[in-house]
Amino acid sequence: MKILVIGGGGREHALVWKLTQSPSVEHVWCAPGNAGISQDAECVTVDAGDVPSIVELAVKLGPDLTVVGPELPLIHGIADAFAAKGWPIVAPSQQAAQLEGSKIFAKHFLQRHSIPTPKMLGTVESSREANAALEHVAWPLVIKADGLCAGKGVLIAPDPAAAVEFLEGALDRNELGTGGHKILLEETIEGDELSFIVLVDGENYVPLVPTRDHKRAFDGNRGPNTGGMGAYSTDELLSPAMRDTIVEQIVEPTVRGLKADGVSYRGFLYFGLMLTASGPQVLEFNCRLGDPEAQAIMARVDFDFAEVLMDATAGRLDGSKLKWKPGASVCVVAASAGYPGRFESGKEILGLTGLLVDNGVRILHAGTKQVGDAIVTSGGRVLGVTASGSSLETALIQAYSTMDRIQFEGKQFRRDIGASSKRVDVAGA
């Protein structure tokens with residue numbers, strides 16, 4: 001197979017890494033890719049959100065399979081454009097992608113199909129509406145921008161002052177762009193967050209290994225929300241009973257609900273869950289692999305990943321093909337100073353040369369580019385040090401010892417990824 005991967009971040013580098021290991025794969029392109037991806041695949045310049053340009057590229061390259069990483073091409077209908085030409089692609093339709101593209105659409109879907117989710121307290125589209133709504137809520141309050149905001153559109157507001165600042169920024173100052181022009185207000189619930197991702201072929205689905213993301217910028221879950229500062233995967237995250245509960249109460253009703261609504265879903269479906277004392281609840285959907293969850297998941301893949309993805313596009317998923325490496329994996333993200341706010345780019349990254357040999361650790365690039373002989377920073381999240389081992393502790397030691405050898409001006413990263421790991425059981429079990 002020849003495979004085209006769309007995107008240029010850490011998730012896409014993880015996909016490229018694992019796809020190139022498949023014996024059935026002859027060649028991999030990545031559009032647009034990054035400096036690290038260019039060492040593993042042929043990078044092709046294209047705007048990942050520009051569906052017509054991607055279609056033109058696919059006409060030229062003729063891939064046997066296309067795999068979409070980021071959300072923007074999904075929202076812009078890349079799956080529909082490829083389906084019209086009969087091209088295999090791992091991506092849900094534009095209609096299905098509304099589950100991620102609109103928090104309000106997703107909330108209504110969850111309510112309509114009686115899937116556990118925090119109570120919706122209202123929606124607002126102006127500061128005036130927001131101020132009136134804030135008079136009737138309990139604190140803390142969850143505030144969500146309706147549209148895509150690169151992981152920065154959610155606030156758990158402890159008090160009215162914090163809520164007003166966020167709402168005015170979104171609704172009056174346009175700080176979140178068009179994604180922040182509508183706002184969802186939601187009750188706050190307590191528990192442990194979990195990323196539970198399945199691969200769907202239109203009829204069948206197979207769960208991937210569980211992961212936990214760390215979204216806050218700084219140690220101790222402090223600071224603003226980010227796209228993700230690290231993630232880890234271990235079977236110890238979930239008891240078999242809780243896994244069954246998630247499948248029965250959340251995954252099954254979601255897949256059935258999509259079919260009942262006339263929505264054909266093929267691709268990755270990400271459930272952002274809160275595991276509460278009374279059971280799991282859905283916080284959000286993504287219609288793709290998470291980032292950095294994908295890095296941790298790919299580190300545990302022990303099967304022909306390309307073959308399984310092709311099976312998904314053909315409606316013949318077979319869960320028995322998915323074999324996972326035992327133990328644990330972790331991805332620790334190195335970010336630019338100031339991220340997720342304003343940051344500087346163009347900082348040379350040192351220490352990568354001696355780390356290219358795969359010794360159980362992979363450096364998966366996100367915001368990097370090649371300038372002459374140097375690799376420099378070009379984004380907020382710069383790279384993810386990804387490691388696997390017989391235990392989470394082993395994987396963490398490998399990841400952090402490697403992270404300490406990589407240097408660039410302003411490097412910031414969390415030192416507590418995986419520190420709060422614990423298995424969550426069904427309430428009362």
Side-chain angles (χ1 to χ4, degrees), residues 5-7 11 15 51 54 65-117 147-148 194-211 246-273 280-291 293-294 297 305-319 321-322:
V5 175
I6 305 300
R11 168 184 45 234
L15 288 168
V51 171
I54 296 172
L65 175 68
T66 298
V67 184
V68 180
E71 62 271 30
L72 205 54
L74 302 177
I75 302 299
H76 290 171
I78 188 171
D80 306 81
F82 274 53
K85 295 182 175 294
W87 297 341
I89 185 169
V90 180
S93 67
Q94 186 174 34
Q95 182 185 18
Q98 291 181 85
L99 284 175
E100 177 171 5
S102 170
K103 297 291 193 298
I104 297 171
F105 175 91
K107 182 63 73 173
H108 287 156
F109 172 87
L110 290 162
Q111 292 176 329
R112 186 165 62 253
H113 295 288
S114 302
I115 299 168
T117 186
L148 300 178
L194 184 86
S195 300
F196 196 85
I197 305 173
V198 301
L199 179 60
V200 189
D201 71 359
E203 292 286 337
N204 310 296
Y205 63 86
V206 290
L208 309 185
V209 287
T211 53
I246 291 170
V247 169
E248 293 168 6
Q249 296 184 4
I250 291 175
V251 178
E252 281 279 357
T254 297
V255 175
R256 288 199 308 267
L258 288 166
K259 291 179 66 175
D261 290 351
V263 178
S264 176
Y265 199 107
R266 289 188 176 180
F268 295 104
L269 180 55
Y270 170 115
F271 297 84
L273 304 178
Q281 297 193 39
V282 179
L283 299 178
E284 65 171 345
F285 291 110
N286 287 342
C287 296
R288 54 193 166 88
L289 281 171
D291 185 346
E293 291 97 336
I297 291 170
F305 186 56
E307 179 184 336
V308 168
L309 293 186
M310 186 61 89
D311 287 348
T313 67
R316 56 169 188 261
L317 266 180
D318 179 358
K321 290 185 177 181
L322 277 68

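- By the side-chain contact (heavy atoms from CB on, under 4.5 Å) test, Arg288 pairs with Arg11, Glu71, Leu74, Glu100, Asn286, sequence neighbours left out.
- A search for ring-ring contact (aromatic ring centres under 6.0 Å, His included) contacts involving His113 returns Phe109, not counting sequence neighbours.
- To the nearest 0.5 Å, atoms CD1 (Ile54) and OG1 (Thr66) are separated by 9.0 Å.
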Side-chain donor-acceptor pairs under 3.5 Å in residues 77-98, sequence neighbours left out?
unit_1 : atom_1 : unit_2 : atom_2 : d
Asp80  : OD1    : Gln94  : N      : 2.8
Ser93  : OG     : Ala96  : N      : 3.1
Gln94  : NE2    : Ile75  : O      : 2.9
Gln98  : NE2    : Gln95  : O      : 3.3

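- For the atom pair Glu203 CD and Arg266 CZ, the distance stands at 8.5 Å (nearest 0.5 Å).
- Every residue meeting the side-chain hydrogen bond (donor to acceptor under 3.5 Å, both in side chains) condition with Ser195, not counting sequence neighbours, appears here in chain and number order: Tyr270, Glu293.
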Extract all donor-acceptor atom pairs below 3.5 Å that involve side chains of residues 248-258 and protein atoms in other chains or at least two apart in sequence.
unit_1 : atom_1 : unit_2 : atom_2 : d
Glu252 : OE2    : Tyr205 : OH     : 2.8
Thr254 : OG1    : Ile250 : O      : 2.7

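- Residues Pro210 and Leu194 approach most closely at CB-CD1, 4.3 Å, considering heavy atoms.
- Partner of Phe268 under the side chain to side chain contact (heavy atoms under 4.5 Å, CB included) criterion, chosen from Leu289, Val200, Val68: Leu289.
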Hey, can you pull the donor-acceptor pairs under 3.5 Å for the side chains in residues 309-318, sequence neighbours left out?
unit_1 : atom_1 : unit_2 : atom_2 : d
Asp311 : OD1    : Arg316 : NE     : 3.0
Asp311 : OD2    : Lys321 : NZ     : 2.8
Thr313 : OG1    : Met310 : O      : 2.7
Asp318 : OD1    : Ser320 : N      : 3.0
Asp318 : OD1    : Ser320 : OG     : 2.7
Asp318 : OD2    : Ser320 : OG     : 3.1

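- Pairing each heavy atom of Gly319 with each of Val206, the nearest pair is CA-CG1, 3.5 Å.
- With rounding to the nearest 0.5 angstrom, the CG atom of Leu208 is 8.5 Å from the CZ atom of Phe196.
- Residue Ile297 holds its CD1 atom at 4.0 Å from CD1 of Ile197, rounded to the nearest 0.5 Å.
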